[in-house]
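Every number for a ligand or one of its atoms is a count from 1 in the order of the listing. Start at 1 with the first residue, then count along the sequence. Reckoned from all heavy atoms, side chains included, excluding hydrogens, waters and symmetry mates. Given the structure is predicted, the values throughout are model-derived calculations rather than measurements.
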Amino acid sequence: MLGHSSPRSSERWQEWVGTLLLYDEGVIGALRRVYGDGYTSFMEAVTRPGSRLYVRVNTLLADPNDVLDSLRSRGVEVYRDELLEEALYFPVRGPFRVEELKISVVADKYAAESVYLGSDLYAPGVLKCDPSVEAGAEVVIRAPNGVPVANGVAMMSCKEMLGRRRGLAVKVTKSVYATAKIRELEEYREGLLYPQSLAAMYVTRLLSPKPREIVVDACAAPGGKTGHTIELTRGKALVIAFDVSLKRLQELKEELGRLRELGLVEAWRADSRYLHIDFGWIRADKVLLDPPCTALGVRPKLYDVKRFQDVVAASKYQLQFLKSASRLLRVGGVLVYSTCTVTMEENEDVIDEFLRSDRCFDVDDTVPEGLSNNAFLKSARSGPYFRFHPHLHDTSGYFVARLVRKC
Ligand code: SAH
């Protein structure tokens with residue numbers, strides 16, 4: 001620990017790695033509940049990217065071996081995951097030292113996280129810039145909290161960056177971390193690749209959707225797991241994707257359009273806390289519930305601010321989603337609950353509370369066919385559930401539970 005500071009006088013905050021992670025005592029307590037004193041290794045890990053950047057091959061359009069060969073033939077360093085056939089990864093190198101220059105361009109958090117991994121900065125991601133920036137100037141790109149993430153050469157003036165809002169703003173020459181620029185690959189544009197963490201791919205694998213099933217994805221946007229479901233069922237399942245946000249549903253449609261899977265899915269707007277009321281007629285074979293969470297396991301984090309009240313608020317929502325989405329499942333059907341966070345309050349405790357309230361559900365600790373000898377999944381076993389830990393599994397932090405409906 002590097003000590004604590006008090007952005008608000010009434011609260012004590014703990015800082016980690018300078019000012020990167022600002023978590024209050026309750027959040028630290030929740031992390032200690034999971035990791036004991038080892039929570040500092042967890043926090044250190046999420047400020048860095050993993051050593052591999054994963055993509056999922058769209059197996060409806062391409063064979064992973066062919067995609068691998070075509071990337072390698074152009075000199076791209078890429079490998080197949082040892083265990084999951086649809087998963088390819090690019091090595092992540094770094095950290096490298098970024099030079100402190102006088103002239104800076106500030107990127108929004110989302111853009112800064114990509115630039116941190118070596119992507120170029122496009123004008124829509126520019127928050128602020130030094131008015132003296134002209135095309136050709138050497139600049140430092142910073143995250144909104146001031147952390148330098150890359151050096152680069154401006155491709156337009158500051159005025160144009162903020163005025164035009166499109167086009168390449170800064171060509172990155174050196175970033176803290178470096179890996180393949182996935183979105184610039186022709187395979188990406190052709191819809192053969194979807195950037196997704198390995199742990200997220202295991203979520204849909206654990207759902208194990210089959211052709212001719214009805215599959216509900218209750219919090220679906222931007223559609224990472226929806227697309228994977230379509231691929232695993234060869235487009236032969238009825239996939240119903242719900243999300244409350246029209247903007248994010250639009251992103252889901254764009255992503256599934258890029259993957260050429262849009263015609264194979266129903267994408268409906270709904271508040272999934274009330275699915276049992278609005279869509280109570282659905283009898284699904286599988287339900288995937290990947291609700292909003294505190295996202296403590298997402299990496300790399302340039303900075304993050306969380307209070308324990310965020311954890312409590314998220315867990316209340318999660319229980320509501322679970323109570324509602326579970327009612328759409330047929331008897332004998334399987335529900336997978338997943339989050340990209342690590343607190344027990346949002347994971348085990350939500351499941352326990354749900355199982356107390358609905359005697360028709362049980363935890364299913366079996367693994368779907370084909371995964372029983374999977375060493376990676378075995379290493380992630382946590383009682384009847386799965387937990388992927390950033391510092392132990394070199395992935396994002398994820399929790400996954402399988403539940404089965406008995407009556
Ligand atoms: N499963 C997605 C990620 C989901 S993130 C994937 O793999 O790509 C959580 C999603 O829940 C967000 O898109 C958010 O818009 C949605 N959400 C939040 N509140 C909701 C609500 N009340 N009803 C339905 N969806 C909601």
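- With hydrogens and angles left out, the side-chain atoms of Thr339 and Gln318 include no donor and acceptor closer than 3.5 Å.
- Here Asp81 pairs with Arg52 in a salt bridge; the nearest charged N to carboxylate O distance falls below 4.0 Å.
- Protein heavy atom nearest atom 19 (N) of ligand 1, with residue, atom name and distance: Val244 CG1, 3.7 Å.
- Here's the thing with Ser272: one of its N/O atoms is less than 3.5 angstrom from an N/O atom of ligand 1.
- A search for salt bridge (Lys or Arg N to Asp or Glu O under 4.0 Å) contacts involving Asp394 returns nothing, not counting sequence neighbours.
- Of all protein heavy atoms, the one closest to atom 6 (C) of ligand 1 is Gly224 N, 3.6 Å.
- Remark: ligand 1 atoms within the under-4.0 Å shell around heavy atoms of Pro222 are 8 (O).
- Exactly one of Leu83, Leu206, Thr366 qualifies for a side chain to side chain contact (heavy atoms under 4.5 Å, CB included) with Leu371. That residue is Leu206.
- Summary of contacts: the protein heavy atom closest to atom 13 (O) of ligand 1 is Arg248 NE, 2.6 Å.
- Each of Val215, Leu288, Val239 was compared with Thr226 under the side chain to side chain contact (heavy atoms under 4.5 Å, CB included) criterion, and only Val239 meets it.
- Proximity of Lys225 to ligand 1, defined as any heavy-atom pair under 4.0 Å, is shared by backbone and side chain alike.
- Not a single heavy atom of Ala200 sits under 4.0 Å from any atom of ligand 1.
- In summary, the atoms of ligand 1 found under 4.0 Å from a heavy atom of Ala220, numbered by their order in the structure, are 1 (N), 2 (C), 6 (C), 8 (O).
- Remark: Arg97 CZ is loosely packed, at most 12 non-hydrogen atoms of other residues, nucleotides or ligands lying under 6.0 Å away.
- From the protein, the heavy atom lying nearest to atom 22 (N) of ligand 1 is Asp271 OD1, 2.9 Å.
- The protein non-hydrogen atom at the shortest distance from atom 16 (C) of ligand 1 is Asp243 OD2, 3.3 Å.
- Among all protein heavy atoms, the one lying closest to atom 1 (N) of ligand 1 is Asp290 OD2, 2.7 Å.
- Under a cutoff of 6.0 Å and an axis angle of 45°, Arg33 and Tyr39 do not form a cation-pi pair.
- Of all atoms in ligand 1, listed by their number and element, those nearer than 4.0 Å to a heavy atom of Gly223 are 8 (O).
- Every atom of ligand 1 is numbered from 1 in the order shown, and the set under 4.0 Å from a heavy atom of Ala270 is 23 (N), 24 (C).
- The sulfur atoms (SG) of Cys407 and Cys360 lie less than 2.5 Å from each other.
- With a 4.0 Å heavy-atom cut-off, ligand 1 is reached by the side chain of Phe321 but not by its N, CA, C or O.
- Shortest contact from atom 11 (O) of ligand 1 to any protein heavy atom: Cys219 CB, 3.4 Å.
- With sequence neighbours excluded, the residues satisfying side chain to side chain contact (heavy atoms under 4.5 Å, CB included) with Pro148 are Val98, Glu100, Val140, Arg142.
- Of the protein's heavy atoms, Ala221 O, 3.2 Å lies nearest to atom 4 (C) of ligand 1.
- A cation-pi arrangement is found for Arg72 relative to Tyr79, the charged atom lying closer than 6.0 Å to the ring centre and inside a 45° cone about the ring normal.
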